[in-house]
Amino acid sequence: MDVDLRHLRNFLAVAEEGGFTAAARRLHLAQPTLTRSIRTLEEALGVRLFDRTTRRTALTDKGRELRSSLVPLLHRLDTALTGLRKGESLRVGFNWGLPEGLSGTAARFGDETGVAVEFVRSDTPLAGLDTGTVDVALLRAEPLPKGLRGVLLCEDTRVAAVPGHWPLAARSRLGWAELADLPLVVNTVSGVTFPAMWPAGRRPTVGAECRNYDEWLEKVAAGLGVGSAPAAAARRHLHPAVRMIPLDDAPVVRAYLAHPSHGAHPQAARFADEAWRAAEALATEGLTAGEQPARGC
């Protein structure tokens with residue numbers, strides 16, 4: 001018999017909910033789709049599973065027999081399939097600074113799926129996706145490179161990183177345009193600030209280059225130039241010789257959770273979607289009607 005597992009799960013949902021409307025809502029299906037699924041199952045088995053009237057949907061004797069047989073069978077199947085995931089891991093790459101809440105999402109994901117999420121720091125342009133050492137990566141690059149797909153987790157304002165011994169460090173705020181007159185420390189691998197972001201003819205010179213966030217911070221501290229980073233950096237990565245100053249009129253920094261468009265880990269898209277939903281919930285928490293969520297990092 002050509003019986004699909006999906007049809008059996010749909011049948012159980014209708015049987016447990018006592019009707020097609022509630023079952024369709026639970027399964028996130030259109031009701032006509034669910035009705036066709038049950039009809040296909042009945043035709044494949046050659047028996048009627050439900051007595052349907054305009055007022056109610058009730059199991060037939062054959063329907064009750066199938067339900068009592070299916071419940072333990074599907075439970076054992078689900079247990080076996082879940083057990084296969086034990087010991088499986090999903091590697092999430094990052095250059096520096098995970099967005100707020102991502103670690104909590106990873107812990108919940110592991111509990112729900114049995115797949116452990118492992119965070120891996122990788123100082124490469126694509127945080128390990130380019131070398132194959134991770135399955136998913138947090139990227140602060142726009143647009144996402146060809147061959148990748150991802151979800152926007154958050155966006156952040158910028159701060160200027162200024163050497164603490166410079167007179168400029170006494171300022172409470174700086175303008176984005178002001179940085180064009182200063183030497184810039186550029187993280188060539190995982191940075192988010194480059195001279196080309198300013199208008200042609202009014203771009204900062206490069207005072208120093210580096211290849212990761214820690215080197216970037218040390219070169220700023222040494223007075224080789226200023227830098228720019230997401231505001232979250234000021235909260236998490238402090239240096240006693242660097243002053244983080246809010247920037248006005250600066251472009252935002254967007255963080256994406258990305259994975260390969262083809263050949264990705266089977267759990268990559270699911271984890272990205274879970275992270276997006278968690279970030280959305282965090283952004284809308286406490287908002288009143290009409291307010292727009294701010295997906296801060």
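Keep in mind it's a predicted model, so treat the numbers as computed, not measured.
A salt bridge links Arg64 with Asp61: the closest approach of a Lys/Arg side-chain nitrogen to an acidic carboxylate oxygen falls below 4.0 angstrom. Between Arg171 and Glu178 a salt bridge is recorded (basic side-chain N to carboxylate O distance below 4.0 Å). Contact check on Glu118 versus Arg91 returns no salt bridge, with no Lys/Arg side-chain nitrogen under 4.0 Å from an Asp/Glu carboxylate oxygen. Using a 4.0 Å cut-off between a side-chain N of Lys or Arg and a carboxylate O of Asp or Glu, Arg121 and Asp214 qualify as a salt bridge. For the pair Glu280 and Arg277, the salt-bridge criterion is not met [side-chain N within less than 4.0 Å of a carboxylate O].
Between the Thr60 side chain and the Leu49 main chain, a donor and an acceptor come within less than 3.5 Å of each other. The backbone N or O of Arg52 sits nowhere less than 3.5 Å from a side-chain atom of Thr57 that would complete a donor-acceptor pair. The backbone N or O of Cys210 lies less than 3.5 Å from a partner atom in the side chain of Thr188, making a donor-acceptor pair. Judged purely by atom type and a 3.5 angstrom limit, Ser190 has no side-chain atom pairing as donor or acceptor with the backbone of Asn95. Side chain of Ser37 to main chain of Thr33: no donor-acceptor pair is present (N/O by atom type, distance under 3.5 Å, no hydrogens or angles).
Summarising the geometry of Thr105 relative to Ala278, their closest heavy-atom pair is OG1-CB, 3.3 Å, with the distance given to 0.1 Å. For Leu179 against Val226, the heavy-atom pair with the smallest separation is CD2-CG2, 4.2 Å. The minimum heavy-atom distance between Pro260 and Leu129, with the atom names listed, is CD-CD2, 4.0 Å. Pairing each heavy atom of Leu102 with each of Ala275, the nearest pair is CD1-CB, 3.9 Å. Ser172 and Pro246 get closest at one heavy-atom pair: O-CD, 3.5 Å. Considering all non-hydrogen atoms of both residues, Val220 and Ala161 come closest at CG1-O, 3.6 Å.
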Q: Show your reasoning for whether side-chain contact (heavy atoms from CB on, under 4.5 Å) applies to Arg67 and Glu16.
A: CA-CA 9 Å; Arg67 177 183 179 178; Glu16 290 168 357; 3.9 Å; yes
Q: Determine, stepwise, if the pair Val192 / Arg158 fulfils side-chain contact (heavy atoms from CB on, under 4.5 Å).
A: CA-CA 10 Å; Val192 295; Arg158 289 177 184 262; 3.7 Å; yes
Q: Show the numbers, then the answer: is there a side-chain contact (heavy atoms from CB on, under 4.5 Å) between Asn10 and Leu41?
A: CA-CA 10 Å; Asn10 290 347; Leu41 178 61; over 6 Å; no
Q. Could you go step by step and tell me if Arg76 and Thr79 meet the side-chain hydrogen bond (donor to acceptor under 3.5 Å, both in side chains) rule?
A. CA-CA 5 Å; Arg76 287 199 295 273; Thr79 300; over 6 Å; no
Q: Go through the steps for Leu153 and Leu138 under the test side-chain contact (heavy atoms from CB on, under 4.5 Å), then give the verdict.
A: CA-CA 9 Å; Leu153 285 190; Leu138 181 75; 4.1 Å; yes
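Listed by first and then second residue, the ring-ring contact (aromatic ring centres under 6.0 Å, His included) pairs involving residues 134-187 are Trp176-Trp198 (not counting sequence neighbours). Listed by first and then second residue, the ring-ring contact (aromatic ring centres under 6.0 Å, His included) pairs that reach into residues 247-283 are Phe109-Phe271, sequence neighbours excluded.
The hydrophobic cluster containing Met197 does not contain Val252, counting ILVMFWY residues as joined when their side-chain heavy atoms lie under 4.5 angstrom apart, directly or transitively. Clustering ILVMFWY residues whenever any of their side-chain heavy atoms sit less than 4.5 angstrom apart, transitively, puts Leu238 in a cluster other than the one holding Tyr213. Under the 4.5 Å side-chain heavy-atom criterion for grouping Ile, Leu, Val, Met, Phe, Trp and Tyr, Leu184 is not connected to Met244 through any hydrophobic cluster. There is a path of hydrophobic side-chain contacts, each under 4.5 Å, that joins Leu139 to Val134. One hydrophobic cluster, built from ILVMFWY side chains closer than 4.5 Å, cannot hold both Trp96 and Val92; they sit in different ones.
Annotation: the span from Leu90 atom CG to Asp135 atom CG amounts to 5.0 Å, rounded to 0.5 Å. The OG1 atom of Thr113 sits 12.5 Å away from atom CZ of Arg108, with the distance rounded to the nearest 0.5 Å. To the nearest 0.5 Å, atom CG of residue Leu66 and atom CG of residue Leu12 are 7.0 Å apart. For the atom pair CZ of Arg48 and CD of Glu43, the computed distance is 11.0 Å after rounding to the nearest 0.5 Å. For the atom pair Gln267 CD and Glu88 CD, the distance stands at 8.0 Å (nearest 0.5 Å). In this structure, NE2 on His75 lies 14.0 Å from CG on Leu70, to the nearest 0.5 angstrom.
Counting heavy-atom neighbours within 6.0 Å of Arg56 CZ, excluding the residue itself, gives a total of 12 or less. Residue Glu42 places its CD atom among more than 12 non-hydrogen atoms of other residues, nucleotides or ligands, all under 6.0 Å distant. For Arg211, the CZ atom is loosely surrounded, since the number of other residues' heavy atoms within 6.0 Å does not exceed 12. A 6.0 Å sphere centred on CZ of Arg149 holds no more than 12 heavy atoms belonging to other residues, nucleotides or ligands.
At least one side-chain heavy atom of Leu59 sits under 4.5 Å from a side-chain heavy atom of Phe11. In this structure the side chain of Val242 never reaches within 4.5 angstrom of the side chain of Glu218, judged on heavy atoms. The side-chain heavy atoms of Thr124 and Thr133, taken from C-beta on, include no pair separated by under 4.5 Å. By the 4.5 Å heavy-atom criterion applied to side chains, Val186 and Phe194 are counted as neighbours. Here the side chains of Leu8 and Leu73 are not in contact, with every heavy-atom distance at 4.5 Å or above. Using a 4.5 Å heavy-atom cutoff, the side chains of Pro183 and Leu224 are not in contact. No side-chain heavy atom of Pro99 sits under 4.5 Å from any side-chain heavy atom of Leu257. Contact check for Leu74 versus Leu5: side-chain heavy atoms found under the 4.5 Å cut-off.
Legend: residues meeting salt bridge (charged side-chain N to carboxylate O under 4.0 Å, His left out) with Arg173, ordered by chain and number and at least two apart, are Asp248.
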